[in-house]
Amino acid sequence: MRLQTTHSLRNRLLWVLLVAIMLTAAAQALISYRTARSEADDIFDYHMQQMALALRSGLPTNGATSVDGDANADENFDFVIQVWTADGLSVFQSAARAELPQRAILGFSNVAARGTTYRVFSMQSRSQVIQVAQDMAARREMASRLALRSMLPIAVMAPLLMLVVWWAVGLSLRPVSRVRRQVAQRQADDLSDVSELGLPDEIRPLVHELNLLFARVHRAFDAQTNFVADAAHELRSPLAALKLQVQGLQRATDDATREVAVGRLVTGIDRATRLVEQLLVLARHQANTLETKPQPVSLAEMARLAIADATPAAQAHQIDLGLGRTVEDRIAGHPDALRILMRNLLDNAVKYTPTGGRVDLEIQREANMLRLVVEDSGPGIADADLERVLDRFYRVAGTQTTGSGLGLAIVKSIADLHHASLQLDRSPRMGGLRVEVKFPAIG
C-alpha cells in the first residue's frame, strides 16, 4: 500500500514541530536522567566519605582480634562498615560475614561480594583503617528514583508545549483560511481586491500578487468586452451595406448597371475585409500585451521590417517610401506591437498620399527619448479632426479612400502601452501629416 504525502502547510508544520518537541523532550529526559544518576552517585560517595571521617577518632580495641556487629547474618545492609587497627586487627564490622576484602585499598573502589557489587571507600587514620561499603544495587535504585523525579516536569511540560504549538499554528494560519474563504465565496465575475488587512508579512505579498492578477484579468475582460461591442457595432454597417449592394446587383437590368453594382460590392467587400483585418490586429495586440513582458527592442530594426511590409503598397501607388536617419538605441517594449504601430502609420501615410508622393520614416535621439517620426506629402488632417482621428472607428468626413477608422486608434493604444507620447501635426517639410511618437530610451 502506497502512503500519500500531505501537502497541507498546517499539517506539515504541526508534524515537524510536534516531532521536534518529542525528540527534544526525549533527549532532555535522557540527559536529565543521566545527570541525576551521576549527581546521586557523587552525593552517595560524599556520604560514605563523611561517614568514614566521622569514625576516624577511633574505636576501643580491648585486645580483641575481631568484633562482629549485632546484625543477623542473613540481613542485607545498604552500608557495611569495617575498622582495623594499624596492626591489621579487626575491631569492628557492622554486618556479619560481609565477605568484603580484609585488605583495604585506600580511596574509592568497586568490589564484588555476596552476589552483588559494593562501592567501597577506605581511609587510614593515625591508629586505625576505616572501610565503608555500599551495595550498588541499593544505590542504583535510589539514584533511579531521584532521576525519575527529575524527569517528571519534562513529562508534564512536553504535552502542554505540544498543545500550545497546536494552538499557535492554527492561529497563525487563520489569515490563510480567511483569504481562502473570501476567494471561494466570490462570484465568477467578481475580480475586486482581496483584503490585505491583518495579513502576516509572509502572506501579504502573495495576496498582493493575487490582487494584481485580478486587476490584469479585469483589464483583459474589459478589453474583450469593449472589443466585442465595437466589432459588433462596426460590422453591422458594412454587412448591411453589402446586403443592399447584393440586392442592387440582383435588380440590375443591363450590363452598365450591373458593372456599377459589382464595383460597389467589391468596394464594400474591401472595406469589410479591411475592417476585419484591423479588428484582428487589435485583438492580437491586446492578447500579446497582456501575456508578454517588455523586452529590449531596437526601433531601427522594427522600422526596417515595417518599411519592407509597406513597400509593395507604396510601389503600387508610385510613392517614394524612404527610411531616413535612424539610431540603433533600444527601448523596453513588445516587438510585435511596435511593428504593428509602424506598419499602421506607414499604411495610413501611403493610403492618403497621392500618386507620386513621398513618405519618410525617421528615428532620432533626443536626450533620454527616442523619437519616431512619419511624414507624408498627402493632404494632412484638419486641426479640428486631429484629436478625434485617434478614436476607434472615426473617419474624417469626405475621405474617399476605404478604411475602418482603427489604424490610428491602434497606434495610440500601442503608444500608451509603451508609456510613449503621440502627437499629430502638419508636416512643415512635406505639407502632409506628421506623426511623432516619443519612447523612453534604455540605452
Side-chain angles (χ1 to χ4, degrees), residues 1-46 139-224 289-295 332:
M1 182 176 178
R2 190 175 180 179
L3 296 177
Q4 294 183 348
T5 58
T6 178
H7 294 284
S8 168
L9 179 61
R10 180 178 183 274
N11 292 342
R12 191 178 304 172
L13 284 174
L14 286 174
W15 173 256
V16 171
L17 292 175
L18 295 182
V19 169
I21 290 173
M22 288 189 292
L23 292 178
T24 303
Q28 187 175 2
L30 179 62
I31 294 173
S32 298
Y33 182 82
R34 291 184 176 275
T35 302
R37 287 282 301 269
S38 176
E39 291 179 353
D41 285 338
D42 292 341
I43 293 174
F44 289 140
D45 286 347
Y46 175 76
R139 172 188 283 222
R140 291 193 186 98
E141 181 180 355
M142 289 185 289
S144 297
R145 286 200 298 267
L146 290 175
L148 290 175
R149 289 195 199 101
S150 68
M151 293 170 55
L152 183 60
I154 300 175
V156 173
M157 293 303 297
L160 293 178
L161 183 58
M162 293 170 73
L163 290 176
V164 171
V165 167
W166 189 289
W167 172 80
V169 169
L171 182 64
S172 300
L173 295 180
R174 190 173 298 170
V176 180
S177 300
R178 175 167 57 84
V179 172
R180 178 187 60 81
R181 287 194 301 270
Q182 288 182 15
V183 176
Q185 294 172 358
R186 289 182 170 220
Q187 300 296 325
D189 58 349
D190 184 3
L191 296 175
S192 59
D193 289 349
V194 178
S195 174
E196 299 181 22
L197 185 63
L199 293 179
D201 293 340
E202 292 78 9
I203 304 298
R204 186 178 294 109
L206 174 62
V207 176
H208 181 69
E209 292 298 327
L210 180 64
N211 289 332
L212 293 179
L213 175 61
F214 283 164
R216 291 195 295 270
V217 174
H218 189 271
R219 288 195 300 269
F221 280 170
D222 285 347
Q224 189 70 18
T289 54
L290 287 171
E291 294 176 0
T292 61
K293 293 183 178 180
Q295 62 187 51

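Excluded from the calculations below are hydrogen atoms, water molecules and symmetry mates; all remaining heavy atoms, backbone and side chain alike, are included.
- By the side chain to side chain contact (heavy atoms under 4.5 Å, CB included) test, Ala25 pairs with Ile154, Ala158, sequence neighbours left out.
- Under the side chain to side chain contact (heavy atoms under 4.5 Å, CB included) criterion, Asp45 pairs with Met48, Phe108, Arg119, Arg139, sequence neighbours left out.
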Exercise for review: Dump the intermediate steps for side chain to side chain contact (heavy atoms under 4.5 Å, CB included) on Leu18 and Trp166, then the final yes or no.
Suggested key: CA-CA 8 Å; Leu18 295 182; Trp166 189 289; 4.1 Å; yes
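- A search for side chain to side chain contact (heavy atoms under 4.5 Å, CB included) contacts involving Glu141 returns Arg145, not counting sequence neighbours.
- Taking CD from Gln28 and CG from Leu23, the interatomic distance works out to 13.0 Å, rounded to the nearest 0.5 Å.
- Shown here are the side chain to side chain contact (heavy atoms under 4.5 Å, CB included) partners of Trp15, two or more places apart in sequence or in another chain: Val19.
- Across all non-hydrogen atoms, the minimal contact from Val165 to Leu14 is O-CD2, 4.2 Å.
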